[in-house]
Amino acid sequence: MLVYVLNFLGFVCSVAFPQNKPIVEPAIKRPPTEIKAIYVTSYTSRSSRMEELIKLVDDTELNAMVINFKEPTGVKNWPGLDKLILKLHQKNIWVIARIVVFQDDDLPKRDTRFVLRQSGGGWWRDRGGSLWLDPAAREVWQYNADVAKQALALGFDEINLDYIRFSSDGQVSSIIYPIWNKKQNREQVISDFAKYITREIKNYRPYAIVSADVFGYTLVRDWDVEIGQRAKILAQYFDVLAPMLYPSHYYPGSFGFTNPAEHPYEVVKETLLSGQEIVKGSNVIIRPWLQDFNMGAQYTKELVQAQIKAVEEAGLNQGWFLWNPQNRYTESALQHD
């Protein structure tokens, strides 16, 4: 057992801190008062399109980027990423590392013990075909904590954790969990993970900002959405909660709308108003993800701006993220410098 543990720790360290990668301790940086960010895939960050996005930030009210650092296909520490981060810093752009946690097609290639299985045999996959890891596996917690430390060592300013939940899409009733024994409820498992990973990150870099993506419904009412994400509890551990307030993802009938996607102002504002009551008493920042992609409705300049207006009129003044999976954003919806 000791040999196995040492081997696993060696594997984690080899992934999180590859050889010949100097770790440079950056100067303490304070985040902008309002962080207004766009989402960038690892592929885009390596392409010529990155110059377009940098110009978009330069020309508008944007001041930050969320760049994929760990995707379901693995850690994306590509040669030159550190130089890109330095370039963004020189332009006063706040750089956030997005880490996809429990949805993971990469780790099972090297260690199969933590992958979810299905009752009929074989590995369980969600509707998109991705594998998932057991949220109760502490080795998985440590692996992702080490990935976060690697991102900070490269110069990222903030860690953004995504897919910190039990899977909800697919035949979840057929899942066999290799670690979770169901004695703890889902909420407790995810809360324990949040406590663990934030402690690990803060011990490594005390001033690091840690944000967590959560379902929008976690702020509609006080519950864990049956995936373990209870905002009231998670607000105790994370610096920032980033609810994904995409109106297209709300159920028909939400807030009285047959098609919530057509009413982004009302959906975003009502969610944030109720959410602030749910996390009341904590010091957590609510910095929501907003929709800038076509689903449920054609997302025009006006619909994107309606969401930004809703954030402001809900009394939140610490920013927002824009999500578009193709990283193509509605520039006309943004204020220009």
Side-chain angles (χ1 to χ4, degrees), residues 28-37 39 63-64 66 94-102 135 141 144-145 148 151-152 156-165 186-225 227-246 267-290 307-308 310-323:
I28 295 177
K29 291 182 62 181
R30 293 188 181 276
T33 302
E34 285 188 273
I35 290 177
K36 300 178 180 181
Y39 163 67
N63 59 7
V66 181
W94 186 255
V95 192
I96 303 168
R98 177 174 176 261
I99 295 173
V100 175
V101 178
F102 295 125
W141 299 1
N144 282 278
L152 293 170
F156 279 98
D157 302 307
E158 177 176 327
I159 300 299
N160 173 252
L161 301 173
D162 201 0
Y163 287 81
I164 54 166
R165 60 181 178 84
R186 291 177 175 85
E187 175 188 316
Q188 188 62 57
V189 171
I190 299 303
S191 298
D192 287 349
F193 162 76
K195 181 178 181 180
Y196 179 93
I197 197 164
T198 52
R199 183 179 65 236
E200 285 287 308
I201 293 171
K202 300 285 187 178
N203 283 344
Y204 174 74
R205 187 154 297 158
Y207 54 86
I209 304 295
V210 186
S211 57
D213 299 338
V214 296
F215 275 19
Y217 279 111
T218 64
L219 297 187
V220 174
R221 66 184 177 93
D222 185 15
W223 65 320
D224 76 340
V225 202
I227 57 172
Q229 290 183 350
R230 188 178 174 196
K232 185 175 184 177
I233 303 300
L234 297 181
Q236 301 174 26
Y237 304 114
F238 294 114
D239 301 302
V240 179
L241 285 185
M244 297 174 286
L245 304 188
Y246 316 131
V267 170
V268 170
K269 185 174 182 179
E270 290 302 317
T271 301
L272 293 176
L273 288 176
S274 62
Q276 289 176 82
E277 287 300 313
I278 288 172
V279 302
K280 193 173 183 178
S282 72
N283 293 320
V284 74
I285 292 169
I286 298 178
R287 191 199 303 150
W289 283 99
L290 304 177
Q307 297 171 88
I308 295 173
V311 174
E312 295 169 350
E313 295 192 358
L316 300 181
N317 58 3
Q318 293 180 297
W320 34 262
F321 300 124
L322 286 182
W323 177 275

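A pairwise comparison of heavy atoms in N160 and I96 identifies CB-CG2, 3.6 Å as the closest pair. Across every non-hydrogen atom of Y237 and S191, the tightest pair is CE1-O, 3.8 Å.
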Under the criterion side chain to side chain contact (heavy atoms under 4.5 Å, CB included), I'd like the reasoning laid out for V268 against W320: C-alpha separation, chi angles, the key distance, then a yes or no.
CA-CA 12 Å; V268 170; W320 34 262; over 6 Å; no
Just do the side chain to side chain contact (heavy atoms under 4.5 Å, CB included) check on L161 and V210 with the steps written out, would you?
CA-CA 8 Å; L161 301 173; V210 186; 4.1 Å; yes
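Under the 3.5 Å distance criterion, the side-chain polar atoms of E200 are left unmatched by any main-chain donor or acceptor of Y196. A distance-only check finds no donor-acceptor pair linking the side chain of Q229 to the backbone of T218 [under 3.5 Å]. Within the 3.5 Å criterion, the main-chain N or O of L219 finds a donor-acceptor partner in the side chain of S274.
The shortest distance between side-chain heavy atoms of R98 and Y39 falls below 4.5 Å. Using a 4.5 Å heavy-atom cutoff, the side chains of N63 and W94 are not in contact. Considering only heavy atoms from C-beta on, R287 comes within 4.5 Å of F321 through its side chain. T271 is not listed as a side-chain neighbour of P243, based on a closest heavy-atom distance of 4.5 Å or more. Looking at R230 and W223, their side chains never come closer than 4.5 Å, going by heavy atoms from C-beta outward. Annotation: side chain of K202 is in contact with side chain of D239 (closest heavy-atom distance under 4.5 Å). By the 4.5 Å heavy-atom criterion applied to side chains, D192 and W141 are counted as neighbours. The closest side-chain heavy-atom distance from I209 to D157 is not below 4.5 Å.
Relative ring orientation between W323 and W289 is described as perpendicular, the plane-to-plane angle rising above 60° on a 0-90° scale split at 30° and 60°.
Residues satisfying the side-chain hydrogen bond (donor to acceptor under 3.5 Å, both in side chains) criterion with R186, sequence neighbours excluded, are absent altogether. Taking Q307 as the reference, nothing meets the side-chain hydrogen bond (donor to acceptor under 3.5 Å, both in side chains) condition, with sequence neighbours excluded.
Applying the 6.0 Å contact sphere to NZ of K232 captures no more than 12 heavy atoms from other residues, nucleotides or ligands.
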